[in-house]
Each structure stands twice: as C-alpha cells, then as structure tokens.
**Q** 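Before I ask anything, here is the structure I am working with.
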Number of protein chains: 2
Amino acid sequence: MSLPHAILTALLERPSSGLELTRRFDKSIGFFWSATHQQIYRELAKLEQGGLIRAVPGPPARGQKKEYEVLPAGREELAGWVAERQDPKPVRDALLLRLRAAAVVGTAGLDAELERHLELHRRQLADYAAIEERDFPAGKADGENRLHHLVLRAGIGLEATWIDWLTEARAELAADPL
Amino acid sequence: MSLPHAILTALLERPSSGLELTRRFDKSIGFFWSATHQQIYRELAKLEQGGLIRAVPGPPARGQKKEYEVLPAGREELAGWVAERQDPKPVRDALLLRLRAAAVVGTAGLDAELERHLELHRRQLADYAAIEERDFPAGKADGENRLHHLVLRAGIGLEATWIDWLTEARAELAADPL
DNA sequence: ATTTCTTATGCAACTAGTTGCAGAGGATCA
DNA sequence: TGATCCTCTGCAACTAGTTGCATAAGAAAT
C-alpha cells in the first residue's frame, strides 16, 4: 500500500491537481515509484473520501482542474507509515530469469538484449548524475535536501551495479558462448 | 508475462508437480522470481491447455500428485522469449519512498527500519555467499553452471549495493538528525 | 462560427499477484 | 478403526497496476 503514501508525500511537497501529480510521477518520485494517471485519479478519490486530503474549493466540473491538499489526518497517516515495519521486497527481475532460461534453451539472441540493457542503464545513470550535479552541488546540504540526495544516490548505486554486472555478463558470454 | 516462462524453465530443469515447483520457487529461481502455489497451479493449468506442457500420464485425482513436463512447443516458446525485447522495469522501492516522505514529515522511527533492512540484506548476502561457495567452487565452470553463477553474482552485487547504501544512510541520519 | 488540438478528469475492463479457505487422499498413532 | 495430521490440488475473492477509451472545457486555427 505505497501509492497513497507516495501521493501524500507529493501533495505535501506541493498541492497539485491530478495531472500535475502525474507529471511529477514521471520524474523525481517516479524514479522509484511510478504510477499512471489512472492510478492517481482513483487514489485521489479514495484519499479524499477517507478524509486524508481535500480538494481546494472551487467549481467542481469535468474538464476542470481540481487541486488537492493534505489534511492533518493525512500528514499523521504518512508519519506513521514512515516508521512502519515493512520487509524489503525480494528481487523480481525478468532479465535474470531469461539468463536462467538461456541456460537450458540456449543463449541465442541474448547478447543483443544485454547490450541494449547496458545502454539503457548507462543513460539512466547519466541522467541521475546530471540531476546530482544540478540539485546537489558539493558542500550544500540542508535538511530536506540531504534526504533527497540520499535517495538519488541509491538510484546511482543500483544503476552502477547493473552496469558492472551487465559488462561482466557480456564478457562471460563472449568468452565462451554455449 | 514472466511467470509462465519461469515455470517452463523450472520444468525443463526437472519435470515436477505443482507443489515441487512451489518449493523450488522458494529457493533458486525464487530468488529473482517468486510465486505462490496459487499462481503456479493456475499457470500450470493454462500452460497445459495451451499445449506447452503436459501432465505425465497417471491417475488424475484430487489430492494426488500430478507431474508436468515441457512439450516441444513449450521449449520453442521459451527460446523465443529469451531473445525478446523487454525493457528493464524501473525501480519500485518502498523504503526509498519512505525516505522521501521522511523529508517532509520527519524521520521519527526511520533508523530502526534502516537498521533492520541492513541486517536482512546482510543475511541475504551471506546466504548467497554460502551458495556460491557450495555450488561454484573456483575454477570449475561448465556451460549451464556458468550462467547460474552469473545470475547469483547479480544477486550478490545488488545486496552489496544495498548494504553500502544503508550504511551510508544511517551515518547520514545519525550525523545530523532532522 | 465551427473545427480541431490540448488539457484534464474519469469509467470499464483487463492482467498479475495475494490471501483465505476447502477438500481429497495417505500416513500415523492411540 | 477412527481421530487427526500432513501433503497436494484447487476455488473464490481480493488488491494493485495497466490499457483503451470517453468526455468536457478551453485555446487556437481557418
């Protein structure tokens, strides 16, 4: 049940309409918790009904922007969730599964995929690095920002790990194809 | 659509009944693609109906084991899937989301979670290391095994990354709590 | 002024995965 | 010999996320 909390966080950072949230979920928060506009609209309705957020007054009409803001109950809910006990989800990665499959049916066509993934991860890492340079220049570190930077560094670490591993994997396959 | 392919892979490695598969999905394959017995039974039925696997002949009865084996069509399907183009799924991690939430509502209770996750990842890494030592002793490397080892090393790399990051995160929070 | 594009919200139907429970058969034990 | 426990298969109902489409308001184009 993370989506409602992702939305509460985003709304606390800045009250927004559904579409604005959707756009923000395409960057920043979306880097580690993506969501489509459908999920967001549905969840906004639920959160409003549950009394955790409210639509900022205005004429309610279809095709009109509707801004939401977080109510005290929503903030409390979120603070509680931060401290909650939640086990990390086990890895769930189709590429690893495909390697395992390749071990029984052969590696035909696999290297192209490894190469492609390598390129994608390199690009993602470059994007993160650019954000880091832009938003977190050395030395400057106030409260909220320090945590945002920390989250970004997790993304950077993970991408770097994939890049290393994919490079190793390609070398291994090239050295002695099955 | 990875579950059917995970099952085909497992069945090619060894024909099995539903429950045997479930047990194997608690280890090895399950390290990067977990599944409950429910998912497995449902998927076995679909795969059988689709002509990709078949039940090894025997008396069909409730409460009785039913062994499945992969048919040629299933093997072809799997080989095709290995070469398929599939983008990596973006990261989706609730702990990172919680850090982001903590940046707005405060970090109360968070360090305990970071510590707990650190311990869990350390344990997972130790498990992987034990498997590596047992199944892939230095020097020995035949075809199928090399790929299995590669997959395991991905798991090891990811766990190590989390451990590094969590250690850094705790230090950062301890140094100057919000 | 009417068509057309963009912005914004939303319904309906789908796939994937989870949770809770039920029931048949065999093994064990008193 | 029947109570009870374990193994194995499975149904039903649920939550989460995805995809395709509809519809309304307002801006811009001709």
Side-chain angles (χ1 to χ4, degrees), chain A residues 1-8 10-11 15-26 29-50 53-56 58-68 81 86-94 97, chain B residues 1-8 10-11 15-26 29-50 53-56 58-68 81 86-94 97:
Chain A
M1 279 236 312
S2 299
L3 180 59
H5 301 102
I7 291 178
L8 287 173
L11 285 181
S16 312
S17 68
L19 202 63
E20 278 162 16
L21 281 178
T22 304
R23 298 231 169 88
R24 290 167 60 199
F25 271 76
D26 286 341
I29 285 191
F31 287 142
F32 48 91
W33 204 275
S34 58
T36 63
H37 78 277
Q38 285 306 333
Q39 282 178 276
I40 289 169
Y41 282 120
R42 243 187 311 181
E43 203 60 46
L44 283 172
K46 270 194 224 167
L47 287 169
E48 187 178 24
Q49 212 186 334
I53 64 176
R54 65 160 190 175
V56 180
R62 211 177 158 87
Q64 293 286 80
K65 254 198 211 179
K66 222 197 283 181
E67 284 245 315
Y68 289 95
W81 182 74
Q86 290 175 240
D87 286 350
K89 283 221 163 182
V91 176
R92 201 175 186 77
D93 188 283
L97 198 53
Chain B
M1 280 237 310
S2 298
L3 180 59
H5 302 101
I7 290 179
L8 287 172
L11 286 181
S16 311
S17 67
L19 201 63
E20 278 161 17
L21 281 178
T22 303
R23 298 232 168 87
R24 289 166 60 199
F25 271 76
D26 285 341
I29 286 191
F31 287 143
F32 48 91
W33 204 275
S34 58
T36 63
H37 78 277
Q38 286 305 334
Q39 282 178 276
I40 288 169
Y41 282 120
R42 244 188 309 183
E43 202 60 47
L44 283 172
K46 271 195 221 163
L47 287 168
E48 188 179 20
Q49 213 186 333
I53 63 175
R54 65 160 190 174
V56 180
R62 210 177 157 88
Q64 293 285 81
K65 256 196 211 178
K66 220 197 282 179
E67 285 246 313
Y68 290 95
W81 182 74
Q86 289 175 242
D87 287 349
K89 284 222 161 180
V91 175
R92 200 177 187 75
D93 187 283
L97 198 52

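This one's a predicted model, so the numbers in the text were calculated from it and none came from an experiment. Every chain is numbered from 1 and lettered A, B, ... according to where its sequence line falls, protein lines coming before strand lines.
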**Q** Would you say the side chain of L11(B) lies within less than 4.5 Å of the side chain of L47(B), judging by non-hydrogen atoms?
**A**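 Sidechains of L11(B) and L47(B): no contact.
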**Q** Could you check how far CD of E67(A) sits from C1' of dT9(C), rounded to whole Å?
**A**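 So the CD-C1' distance, E67(A) to dT9(C), works out to 14 Å.
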**Q** Take the protein atom NZ of K46(A) and the nucleotide atom P of dG10(C), then report the distance between them rounded to whole Å.
**A**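 Interatomic distance, NZ of K46(A) to P of dG10(C): 15 Å.
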**Q** Can you tell me if T22(A) uses its side chain to pair, donor with acceptor, with the backbone of G18(A) under 3.5 Å?
**A**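 Yes, because the side chain of T22(A) sits within donor-acceptor range (under 3.5 Å) of the backbone of G18(A).
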**Q** Under the side chain to side chain donor-acceptor pair (under 3.5 Å) rule, collect the residues that match up with S16(A), sequence neighbours excluded.
**A**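 So S16(A) forms a side chain to side chain donor-acceptor pair (under 3.5 Å) with R24(A).
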**Q** Could you tell me how far apart L19(A) (CG) and dT23(D) (C1') are, to the nearest whole angstrom?
**A**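 That distance rounds to 15 Å.
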**Q** With a 4.0 Å heavy-atom cut-off, tell me which residues in residues 29-37 of chain B come close to DNA chain D, sorted by residue number.
**A**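 Of all residues in residues 29-37 of chain B, the ones placing a heavy atom under 4.0 Å from DNA chain D are H37(B).
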**Q** Using a cut-off of 4.0 Å on non-hydrogen atoms, how would the nucleic acid contact of T22(B) be classed: base, sugar-phosphate, or nothing?
**A**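 Contact class for T22(B): none.
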**Q** What residues form a ring-ring contact (aromatic ring centres under 6.0 Å, His included) with F25(B), not counting sequence neighbours?
**A**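 ring-ring contact (aromatic ring centres under 6.0 Å, His included) list for F25(B), sorted by chain: empty.
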**Q** How would you list, by chain and number, every residue that makes a side chain to side chain contact (heavy atoms under 4.5 Å, CB included) with P88(B), sequence neighbours excluded?
**A**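 Residues passing side chain to side chain contact (heavy atoms under 4.5 Å, CB included) with P88(B): H117(A), L120(A), H121(A).
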**Q** Which residues pass the side chain to side chain donor-acceptor pair (under 3.5 Å) test with R23(A), sequence neighbours left out?
**A**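 Side chain to side chain donor-acceptor pair (under 3.5 Å) list for R23(A), sorted by chain: empty.
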**Q** For a quick test of reading the model: is some side-chain N or O of Y41(B) closer than 4.0 Å to OP1 or OP2 of dT9(D)?
**A**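 Checking dT9(D) against Y41(B), a side-chain N or O does come within under 4.0 Å of OP1 or OP2.
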**Q** Roughly, in whole Å, what's the span from NZ in K89(A) to P in dA16(C)?
**A**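 These atoms are roughly 16 Å apart.
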**Q** Nearest whole angstrom, please: distance from the C1' of dT15(D) to the NE2 of H5(A).
**A**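 Atom-to-atom, H5(A) to dT15(D), this comes out as 15 Å.
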**Q** Just the rounded figure in Å: distance from P of dT9(C) to CD1 of I7(A).
**A**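 To the nearest whole Å, that distance equals 13 Å.
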**Q** Which whole-number value in Å describes the distance from L3(B) CG to dT18(C) P?
**A**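 Between P of dT18(C) and CG of L3(B): 10 Å.
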**Q** Under 4.0 Å: is that the gap between some side-chain N or O of R92(A) and OP1 or OP2 of dG17(C)?
**A**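 Yes, within the criterion.
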**Q** Checking P15(A) now: which residues fulfil side chain to side chain contact (heavy atoms under 4.5 Å, CB included) with it, not counting sequence neighbours?
**A**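 Partners of P15(A) under the side chain to side chain contact (heavy atoms under 4.5 Å, CB included) test: E67(A), E69(A).
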**Q** Applying ring-ring contact (aromatic ring centres under 6.0 Å, His included), can you list everything that pairs with Y68(A), at least two apart in sequence or on another chain?
**A**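 If we apply the ring-ring contact (aromatic ring centres under 6.0 Å, His included) test to Y68(A), skipping adjacent residues, there are no hits.
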**Q** Could you list all the side chain to side chain donor-acceptor pair (under 3.5 Å) pairs where at least one residue sits in residues 36-50 of chain B, not counting sequence neighbours?
**A**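 Pairs touching residues 36-50 of chain B that pass the test: none.
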**Q** N/O contacts under 3.5 Å, protein versus nucleotides 12-14 of chain C?
**A**
none

**Q** Could you give the CD-to-C1' distance, from E20(B) to dT7(D), as a whole number of Å?
**A**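 Roughly 12 Å, once rounded to whole Å.
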